Amino acid sequence: MKKTVVILAGLSWSLSNPLFAHPGHDHSASDSGLVHLLWLVPVIVAAAVVVFKEITAPKR
């Protein structure tokens, strides 16, 4: 069992570099900031909703 886990971990580690470093992920592109902001918008909205609910919740 341990040998199988070690083999799978090594395989996934060796395959992750080519998958994450694909040529289309260019941080120096002119619109990369906008793309990353669009990925962060749902997180920002969710945080704002949670804060708003905490502020407006009736105190016990």
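What you see below is based on every heavy atom in this structure, not just the backbone, and it leaves out hydrogens, waters and symmetry mates. Since the structure is predicted, the reported quantities are computational estimates derived from the model, not experimental observations.
Across every non-hydrogen atom of K59 and E54, the tightest pair is NZ-O, 3.7 Å.
Here V43 sits alone; no ILVMFWY side chain lies under 4.5 Å from its own, so it joins no hydrophobic cluster. L34 forms part of a hydrophobic cluster together with L38, judged by ILVMFWY side-chain heavy-atom separations under 4.5 Å.
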